[in-house]
Colleague: 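Here's a structure for you.
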Amino acid sequence: MMIPKSIADLDEALTKCMKCGFCKAACPVFIGEETTSPRAKVRLARAVVRGELEIGRGFKAQMERCLNCRACADECPSGVEPNKIALAARCGLVERDGLPLVKRAIFSGALKRPRLMALGTRALGIAQHVSAIDLQNNPLRNLLPLVGMRRDKDFPILGRRSLFSILPESLDPLGEQKITVAYFPGCATNLIYPEIGIATVSVLRKLGARVIIPHDLVCCSTPVFNSGDIADARELAARNIEILSSVDADLIITSCGSCGLTISKEWTELLGLSEAEPLARKVLDISEFVARYAPDGALGTLDDEDIVTYHDSCHLRRGMGVYETPRQLLKAILGERFVEMELADRCCGGGGTFSIYHPELSQIVADTKMECVEKSGAEVIATGCPACIMQLRDSIVHRKMTQRAIHTIEIIDRALRIGE
Amino acid sequence: MNNPSLSPSALSELVSIVGREYVLNSTEDRICYAYDGQRVECLPDAVVRPADAGQISRILVLANQERFPVVPRGAGTGLSGGSVASSGGIVLDLTRMDRIIEIDPGNQHIVVQPGVITAAIVAEAEKIGLLYPPDPGSVKVCTIGGNVAENAGGLRAGKYGVTRNYLMQLCAVAPTGESFRSGARTRKCVAGYDLVSLMCGSEGTLGVITEITLRLVPMPKYRKSMVATFPDAATAGQAVSNLIAAGLVPATLEIIDNFTLRVIEDYAHLGLPVEAGALVLGEFDGLVELAVEEEGRRGISVLTESGASTIQQADDAAERDRIWQARRVALAALSRAKPTSILEDVTVPLPKLAEMIERVERIGRENAVSIGTFGHAGDGNLHPTILTDERDKEEMKRVEVAVEQLIAAALELGGTVSGEHGIGFCKAPFLAQEVGEGSMEIMRRIKLALDPNNILNPGKFV
């Protein structure tokens, strides 16, 4: 479903909803009050379209209360996508009321300037270092609730060197070249977790890929359109499309469920950019690349590893349809030390900027996830998306748990014994 | 749209009973509590979310003083308008009362609050090797309180019965606010009027259920699934009747007509035999492997003798899954085919199945409306589903006529307007036609005796 020009264009989708309520079984932010359910979002949007309801704070609050985890869309017998209806409503609201100041500064300004982003992140990193805010007993933490954050908020360590400053734009394979790939690391990997990018590139090179990492790539646009800012999202997407189209690569590799989903589907389907179609067909999640290109026997076993469970990134699983492969790879590497947790496909509560704007609700969603992690007995949570890692680590700290959250590719990289 | 019947003083009293955050009356909240799973909506004046029986009792006393309607609601997945506030007043949202109180493997019972989701009961029972058999289509979201109030059925009713068959004891609050208990945690109980059965299926008109003790049964260990194709739906219907008449008791026996079959295939690409006139899907289950195998064998021979073109059996879980996949996606496929789908619930005595199916086909043809029929044929319950677009006013008129004719046909054949969805207001115009004026009068007297001010769920079938 493409974002319609106005909310009135939604009529067809809104009529399709038969209000069976099956979506309520899956929605992580539905907490008993009907108004918080996906079905209610569809109904409220319909009320606005049909002139039964004035757009006000209540409507806005419900439309913003969505992780875009797509679980409701999966449950819906009628093919309604309540998440996209909420998204369309947010777009309508942004068009009407504009973006909040902070988001406007980031989406219209910083995200389009990769160097500024890198600089800003480093500046924040210095502030983080000087203030020692990471220490849980730092008295400065008493100020956090004033800006809507939890006192014990876990901050990712910022201000390390970005992936783009660590790795060159082109890297040769370790052995014989079999393929050329473009790697789209995404902001979180580039600026916050470069180790995920390093592991991904390492795996790609071990498996015979020449890797191109264009350093002028910008944000994939997920957080931007999720906030309802379609104009800036299109601009970001268009810039990425231009850059990626000029790279002569057989595949576009992603290591982030959200980036992967956005490039492979949302640029064309949601943003309506048909020029992204040739790129969309080339997108492959790194785990799928490993499954497809690792020669027999290349993937060794790891004996030292703790017990590992796997958390499905919503966008990787329901968006890109990748969920069996990462599990198969982890099983191959870890054997019986890989355990499934219950509700592995339940959202962690991150939802991009959702965890920042709805810190309490985000942690209510995380409660379920972390209970399942605890019950699984795993010491390590592997997942395929850096945004989930950020949320999982924050949730671990918040609950004083001891588990570690890492990217699946970090385990795979260690197990892949080629060129060593 | 109704006139508000809730005074500001009543509203503030409600707030003092349940707390500010549990009284919802914004326009957004009211819109979201105006609907259930059927099409007609009515705005309540407010939504109240009580925490326990004590609060419910106080709310009902207040409602009698102030004379505002109270409409109990679970998950709002009903298909007859039972939880819609058709006369205004408050919707009483019972989903906060969602505790599983105890489970007893020795006595094989479970005690739950009304807001527990039915699937959670099934899961809890499964942990100790027991089964709660009623499985309405909305089992993952609907609440047990709603199941009891509507006497919900499901796919396994032919062998295992419906919600009523699993009720041991109920606690409830009467319309005038008094708490009462009926039934016992025993296999037998004839102590006084059977108020448990009276409450079950009363659709929230006679009391608010606050605690439910359900009987559980041993989990069947063995299953035998099969799927048969038939040249036409009536032959398939007759085969189902024959199978039951032969003394066989399948856990599930479903029918899918050609129209639905094609819609499913278009949607899910399962490689279904779209040329077949109808499919019959059956499953036998039990605790003894040999018995299940024998029932399966006899089932196959009855289906063969009844004119099945092909029969396929499931030998393992994967094949079983494939067989049932078609049935599982039936509703999804039908509801995606057209913007609006209207699900009927007619049920006939088993020997009349073939005739009912023929009538459904004729009614669709004569009114030029698309009707897909699937359903729980093994218990005579069909779900003819009319596919339309509610924005097409002209077609909607023909749809209404078709619905009336479907119901008339079911009644003529000695059946009922609703096997498992309830009457609410959707089927209220047809109730007298089915049960007769004498029965209607008794129902009205019961209602008047228990609810003299007509507080609980007014404007429904009674």
Side-chain angles (χ1 to χ4, degrees), chain A residues 10-27 30-65 71-82 86 89 342-343, chain B residues 1 21-22 24 26-39 41 43 47 49 73-79 83 91 93-98 115 117-120 137-143 267 328-343 385 389-391:
Chain A
L10 285 171
D11 202 50
E12 183 77 20
L14 298 175
T15 307
K16 268 201 310 196
C17 173
M18 53 180 177
K19 294 176 295 182
C20 65
F22 288 9
C23 50
K24 299 207 290 183
C27 177
F30 166 62
I31 50 161
E33 273 174 40
E34 177 70 35
T35 320
T36 65
S37 70
R39 169 169 73 164
K41 290 185 172 69
V42 179
R43 184 62 188 85
L44 289 172
R46 182 164 153 180
V48 166
V49 169
R50 306 213 169 153
E52 303 159 6
L53 178 69
E54 295 259 340
I55 295 175
R57 271 178 39 209
F59 176 74
K60 215 169 157 172
Q62 292 310 329
M63 295 305 132
E64 281 169 1
R65 191 195 166 93
C72 53
D74 260 21
E75 288 292 328
C76 179
S78 313
V80 179
E81 295 172 279
E342 280 175 42
L343 300 176
Chain B
M1 217 131 294
E21 64 179 304
Y22 298 116
L24 317 173
S26 71
T27 311
E28 287 84 354
D29 287 320
R30 291 168 61 218
I31 288 174
C32 296
Y33 281 88
Y35 56 73
D36 62 1
Q38 50 77 50
R39 287 170 49 246
E41 304 183 3
L43 280 185
V47 180
R49 310 185 66 220
R73 182 188 193 268
T77 53
L79 295 166
S83 64
V91 162
D93 174 355
L94 296 161
T95 55
R96 279 178 72 206
M97 296 173 66
D98 63 349
I117 290 169
T118 309
S138 55
V139 64
K140 280 163 78 181
V141 271
C142 63
T143 62
Y267 164 59
R328 270 197 299 274
V329 302
L331 184 62
L334 284 170
S335 56
R336 279 171 203 239
K338 279 283 200 87
T340 309
S341 49
I342 295 170
L343 188 64
T385 303
D389 186 335
E390 62 183 345
R391 294 166 296 189

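Not measured: the values here are computed from a predicted model. In what follows, chains are A, B, ... by sequence order, proteins preceding strands, each numbered from 1. Just so it is clear, the values below take in all heavy atoms, side chains as well, and ignore hydrogens, waters and symmetry mates.
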Colleague: Between E390(B) and R46(A), is there a salt bridge with N-O shorter than 4.0 Å?
Modeller: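 A salt bridge links R46(A) with E390(B).
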Colleague: Distance from K24(A) atom NZ to S138(B) atom OG, nearest 0.5 Å?
Modeller: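 K24(A) NZ to S138(B) OG: 10.0 Å, rounded to 0.5 Å.
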Colleague: Kindly say whether P77(A) contributes a backbone atom to a donor-acceptor pair with the side chain of R336(B) at under 3.5 angstrom?
Modeller: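 Answer holds: yes.
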Colleague: So which part of A47(A) gets closer than 4.5 Å to some heavy atom of chain B, the side chain, the backbone, both or neither?
Modeller: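 The side chain, not the backbone.
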Colleague: Chain A: which of T95(B), I31(B), T77(B) shares the most heavy-atom pairs with it under 4.5 Å?
Modeller: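 It is I31(B).
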Colleague: About how many Å separate CD of E41(B) and CZ of R43(A), when rounded to the nearest 0.5 Å?
Modeller: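 Atom-to-atom, R43(A):CZ and E41(B):CD are 4.0 Å apart.
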Colleague: Given heavy-atom pairs under 4.5 angstrom as the criterion, report whether the side chain, backbone, both or neither of R73(B) touches chain A.
Modeller: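 Only the side chain of R73(B) comes within 4.5 Å of chain A.
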Colleague: Which distance, rounded to the nearest 0.5 Å, do you find between the SG of C32(B) and the CD of E33(A)?
Modeller: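 Here the interatomic distance stands at 10.0 Å.
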Colleague: Tell me if a side-chain donor or acceptor on E28(B) pairs with a main-chain N or O of F59(A) at a distance below 3.5 Å.
Modeller: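 Judged by distance alone, yes, a pair lies under 3.5 Å.
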Colleague: Determine the option with the most heavy-atom pairs under 4.5 angstrom with chain A, choosing from K140(B), R391(B), Q38(B).
Modeller: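 Among the listed options, the one with the most contacts to chain A is R391(B).
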Colleague: So for C76(A), is it side chain, backbone, both, or neither that comes closer than 4.5 Å to the heavy atoms of chain B?
Modeller: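 Interface part for C76(A): backbone (N, CA, C, O).
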Colleague: Heavy atoms only: give me the nearest F22(A)-G137(B) pair and the separation to one decimal.
Modeller: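 Taking every non-hydrogen atom into account, CZ-O, 3.5 Å.
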Colleague: Roughly how far, to the nearest 0.5 Å, is OG1 of T15(A) from NZ of K338(B)?
Modeller: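 Atom-to-atom, K338(B):NZ and T15(A):OG1 are 13.0 Å apart.
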Colleague: Only one of I342(B), L79(B), L331(B) forms a side-chain contact (heavy atoms from CB on, under 4.5 Å) with M18(A), so which one is it?
Modeller: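 Among I342(B), L79(B), L331(B), the one meeting side-chain contact (heavy atoms from CB on, under 4.5 Å) with M18(A) is L331(B).
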Colleague: At their closest point, which heavy atom of S37(A) faces which heavy atom of Y35(B), and how far apart are they?
Modeller: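 Scanning both residues completely, I find the closest heavy atoms to be OG-OH, 4.4 Å.
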Colleague: Report the option among T340(B), L24(B), T27(B), I117(B) that has the most heavy-atom pairs separated by less than 4.5 Å from atoms of chain A.
Modeller: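 Looking at each option in turn, the highest pair count goes to L24(B).
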Colleague: Against chain A, label D29(B) side chain, backbone, both or neither, depending on which of its atoms sit under 4.5 Å from a heavy atom there.
Modeller: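 For D29(B), heavy atoms of backbone and side chain both lie under 4.5 Å from chain A.
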Colleague: Could you look at D98(B) and say if it's the side chain, the backbone, both or neither that has a heavy atom under 4.5 Å from chain A?
Modeller: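 Contact with chain A is absent: no heavy atom of D98(B) under 4.5 Å.
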Colleague: Taking every heavy-atom pair that is under 4.5 Å apart, which of G21(A), S78(A), C17(A), A26(A) has the most such pairs with chain B?
Modeller: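 Most pairs with chain B among the choices: S78(A).
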Colleague: Mind checking the SG-CG spacing from C20(A) to D36(B)? Nearest 0.5 Å is all I need.
Modeller: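 If I round to the nearest 0.5 Å, the distance is 11.5 Å.
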Colleague: To the nearest 0.5 Å, what is the distance between OH (Y33(B)) and CD (E34(A))?
Modeller: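 Spacing of OH (Y33(B)) from CD (E34(A)) equals 6.0 Å.
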